[in-house]
Structure formats: C-alpha cells, structure tokens
There are 2 protein chains.
Amino acid sequence: MPLQPVSRRSVPDEVFDQVLGEVVSGALGAGEALPSERRLAEVLGVSRPAVREALQRMAQTRLVEVRHGGATTVRDFRRYAGLDLLPSLLVRGGSIDVPVVRSVVEARLLIGPSVAALAAQRRNDQHVSQLTATVTAYAATSDPVERQRHTLAYWDLVVDAADSITFRLMFNSLSAAYEPALPVLASVIGAGESAGAYRVLTAALEEGDPDTTRAAAERVLRPSTDALLTALNTLDTSWENP
Amino acid sequence: MPLQPVSRRSVPDEVFDQVLGEVVSGALGAGEALPSERRLAEVLGVSRPAVREALQRMAQTRLVEVRHGGATTVRDFRRYAGLDLLPSLLVRGGSIDVPVVRSVVEARLLIGPSVAALAAQRRNDQHVSQLTATVTAYAATSDPVERQRHTLAYWDLVVDAADSITFRLMFNSLSAAYEPALPVLASVIGAGESAGAYRVLTAALEEGDPDTTRAAAERVLRPSTDALLTALNTLDTSWENP
DNA sequence: TCCGGATACTGGTCTTACCACTTGACCACT
DNA sequence: AGTGGTCAAGTGGTAAGACCAGTATCCGGA
C-alpha cells in the first residue's frame, strides 16, 4: 500500500460523526431530545464549543432542530435532510448500505440520459473535444478504478455541457457519495462497460440530437447498472470496506 | 399583512450568511484566502467562536477549506458544493436568480416523470388512496399558493411510493429551495395546471404501468414548466421578493 | 380551578488562555 | 548549490469560565 496522508480527525468532527451515527442508525428517533450541550460535553469529555460546532453542523444538515431555551431535538432525516446526507447513509461504519447503493445506481440510470439530452442541445466544440479526449484516455486505461475515474470525468463534462446549476450540484452530491465507494464498485462495474458505447454517446452529443443522445446515454449506463443490481441482489448483505 | 413570527438571527447565522454571500457572489474567488478567524472576529465585531461556527458550517457545505495552521481558502462552489446550496443560490439578497430557477424547473420536468415511473412499479394501495385524497383537496382549493402546496404534497407522496432514498433526499433539497419562492411562482404556474392531469396520473400510478405513468407525469408537468419558462424569458431580470 | 411569577433549566455569546500546526526565513552543514 | 535543522510568527484547534437570553415547570395565591 502506497504512503497516504495521515488522517487527523478534529474533536468536533468526532462529535459530529458520533451524533450523526446515533441519528441515522435510529438509536435517536425523530422527536427525541438530545442531552444538553453541557451534558454532552461532559459525557464526551470535550469542551462545550466543540459540541456546539458539531450540533450547529447537524442543524445545518437539518438533522436536528435547536431551540434557544428549549431542548435540541432530532428531526426525521428522511423527511428533511438534503442530498448532501447521502455519503453518510451510503457508507456507515465502514460497510456499504445495499439499499442505498441500489437507489443511487437506479437514480443514475434515470437521470443520466436526461442530462445527456440537455447537454446535446447546449454543448459547444470545446466540450466535444474534451469528451473525445476523455474517452480516449478511458480506452487506454486497464486499471478498473482508474477507468471509473475517467467515466466520472466524462460525466462531469456532460454536466458542464448541460449548463444547469441544479444538475451540477446534484452531480456534485452524487459524486461525493460515489467517490469513497468507487474502489468497491469498480470491479463489479468493470465487466459491463465498453469504450464503444461512450464513443457512440460522444458522437450523438456532437450531432446534437436530444433523443438519440438520450438513447445512447442509456446504452452506456444500462450494462453497468444491471451488473451492479444483480450483484447487489445476490449478496444482499453489507459489504465490508477494507 | 398577518402577524409573522419575529425572525431571530443568531450571530453565527449572520456571519455565515455574510461570508456565503461573498463566496457565491464571486467577491471572494476560488483559491483566495479568507481573513484569519481572529481578524474576521475583530472586523465583524463578534467573538471568535461565533466566527468558527460559521466557518465550520461553510466547510461542511464544501464552500471553504480550512487547514490547521494554514489559511482558510475559498473553494470553487460550482465544482464541489452539493444540492443543499441551491436555496442560497436561488434567492440571493431578497431577489430570485432567474437562470437558477430555470435550471430547477427544467430539472423538475426531466426527473419528475422518472420518479413517477419508479413509483408506478412500487406503489401500494395506501399510496394510491392518499394520492387520490390529495388530488381531491387540490381540486377543491382556489388559492394559488395553497394549490401549489397540495401539488408539493402530491409529489411528496409520489417520492414516497418510489421508495428511493436518493430521490427522497433530492426531493427534500429541491423542496427546500422551492418553498421560499413558492408565493412568487404560484401565480405564474397556476394558469397551466389542472386537476384533470393529476387524476390521469393517479390512475396511471394505480394501474402500475411505468411508461403510461411517465407520459402522464410529463403531461402534468409540461404546462406549468412552459408557463414558467416563457415567463422567465420575457422578464429576464431578477424578481423582487416583497 | 386558574392565573402569574419564581426558578431552574436550556441554548447564545463573549473573553481569555493555551495547544498544535504551517509557513517562511535563516543558518549550519554537506 | 543543495540539504536538512532551527526558530519565530501567524494560523486554526481546544478548553474553561462567566454571563446573557429564552423556555419550561412548578408552586402559591386568587
């Protein structure tokens, strides 16, 4: 294993993760009150500002509601949390949550073609040449993880071409969830993907027709989606993340 | 104007909003260094912990990167920020950003039908009856803002039926962005919507066929989307939010 | 029974101090 | 010239304590 930068977790980070774990695991149900900041600080052996930073971040994510003078209560994260919570749900305690991956993968299949269709209508020559270069790099790579990084870069360009801030932010959120799981998923996906499909998609994007582009995008995504979903169906238990 | 709860903005909230404004407005470009926490605290006339809470929340949103011992630098939010940033981009300084609304509206049109198709495959009887009840309530309402709330509730149910945590979180984020702008948008949308289209969609969902459901969903969303987009095209300037 | 206030909580904010880390400059050694 | 060591200044990280401000609760008087 190559050298890696040492990870230094700060105290508020640690507190945040612990409380977040309690919430998303359901140990702290919606409506329940958290211990007071002072109590939490005492129990966890940290200072109150540290606890506060963590709780404010929880509030920012809409996982808790803090009321001045009243108790801090847990909110129903399924009802209120935003897409930025996805990474925390996807990989919990070192293992991957299968139903969550399933929903991400199927969302990818449903949204990807639409974004590609949008991109077809708005792309310019520079986009096309960058896409072509990325496909070339993809085809020249054998390492499965590296190949996945190239496909991510490809879709990043597609989203750029689509020129939609909403889809851009959506893609960022999904990428942030996808990235950590990438090594685990790469091997499963690898089987179903081919540079050919990406070349067809790129040609469709260059042509600029939304419908053919949508179809081409679906042909790109369908095999890896099927490969992943069947893999998920066979081993329905959580995967360990080494 | 009816009485409204007084808004009590906390100090860290204020700091957060100010710094966020600097970043998303581009006044602080990507890569630039923020003033030190002590300096910020001094300039803004608040304590350092208050500044810290705000900056940590900025970091959580991936808008800045804080490095222990080094300076806190601004990140490229278009590249890294998640969908939870959308509300802040949509309504900036009391007015609505037109290109952002445009992208949200078109995303709604592209994603909605897919989610509906998913819901058609997974809905149960309870979903259907709740959907029917919501359509009835919708048809019985005349106030445009209230009607929009009912459509939100309807789509909330559709997302529930789709049984996808990814789409659920996505919907939550989009709702959070949509909600504040709802009064402004309601009048424009109102023209194009009819209870009939929703009834057809509900019937398709009950039937359970993905393709007809997808088509029905598009017929629901298309009119209001067109109405909004043309309205946005005519007055391309920002709307004031009273 | 009901109202009103005392009181004991809660979170909100500030001050101060110190620790840990990064940066850059300088310097000695090779 | 280039290496690595040292140090000072500035940055973020953390803690402790105090006080302010808002809420919830209970208890006594009407």
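Convention: sequence-line order gives letters A, B, ...; per-chain numbering from 1.
- Residues A/Ser164 and A/Arg122 have side chains that never bring a donor and an acceptor to within less than 3.5 angstrom of each other.
- Whole-Å rounding puts the B/Arg9 CZ to D/dG22 P distance at 16 Å.
- Following rounding to the nearest Å, B/Arg67 (CZ) and D/dG10 (P) show an atom-to-atom distance of 18 Å.
- Toward the 5′ end of DNA chain D lies the nearest nucleotide of B/Leu34, the other residue of the pair B/Leu34 and A/Ala50 mapping further downstream.
- On the nucleic acid side, DNA chain C has its first and last nucleotide under 4.0 Å of a heavy atom of chain B at C/dT13 to C/dT22, going 5' to 3'.
- Residue order along DNA chain D, read from the 5' end via each residue's closest nucleotide, puts B/His68 first among B/His68 and A/Pro49.
- Of the residues near DNA chain C, B/Gly45 and B/Arg38, the one whose nearest nucleotide (by heavy atom distance) lies more toward the 5' end is B/Gly45.
- Note on A/Arg48: a base of the nucleic acid sits closer than 4.0 angstrom, heavy atoms only.
- Judged purely by distance below 3.5 Å, without hydrogens or angles, the side chains of A/Glu65 and A/Thr72 never pair a donor atom with an acceptor atom.
- Rounded to whole Å, the distance from CG on B/Leu40 to P on D/dG13 is 13 Å.
- A salt bridge is defined here as a Lys NZ or Arg NE, NH1 or NH2 lying under 4.0 Å from an Asp or Glu carboxylate O, and A/Arg62 with A/Asp84 fails to meet this definition.
- Aromatic rings of B/Tyr154 and B/Tyr138 (six-membered ring for Trp) have centroids beyond the 6.0 Å cut-off, not under it.
- At the phosphate of D/dT14, neither OP1 nor OP2 sits under 4.0 Å from any side-chain N or O atom of A/Ser47.
- Rounded to a whole Å, the CD atom of B/Glu53 is 15 Å from the P atom of D/dA15.
- Contact annotation for A/Gln56: backbone-only contact, meaning every heavy-atom pair under 4.0 Å involves sugar-phosphate atoms and none involves a base.
- B/Ser173 places a side-chain N or O within donor-acceptor distance of the main-chain N or O of A/Leu83, the cut-off being under 3.5 Å.
- The residue A/Arg52 sits close to a base: some heavy atom pair falls under 4.0 Å.
- B/Ser103 and A/Arg168 share no donor-acceptor pair across their side chains, judged by distance under 3.5 Å alone.
- Closest to the B/Ser36 side chain, of the nucleotides D/dC19, D/dT11, D/dA15, is D/dT11.
- Residues A/His150 and A/Thr141 have side chains that bring a donor and an acceptor to within less than 3.5 angstrom of each other.
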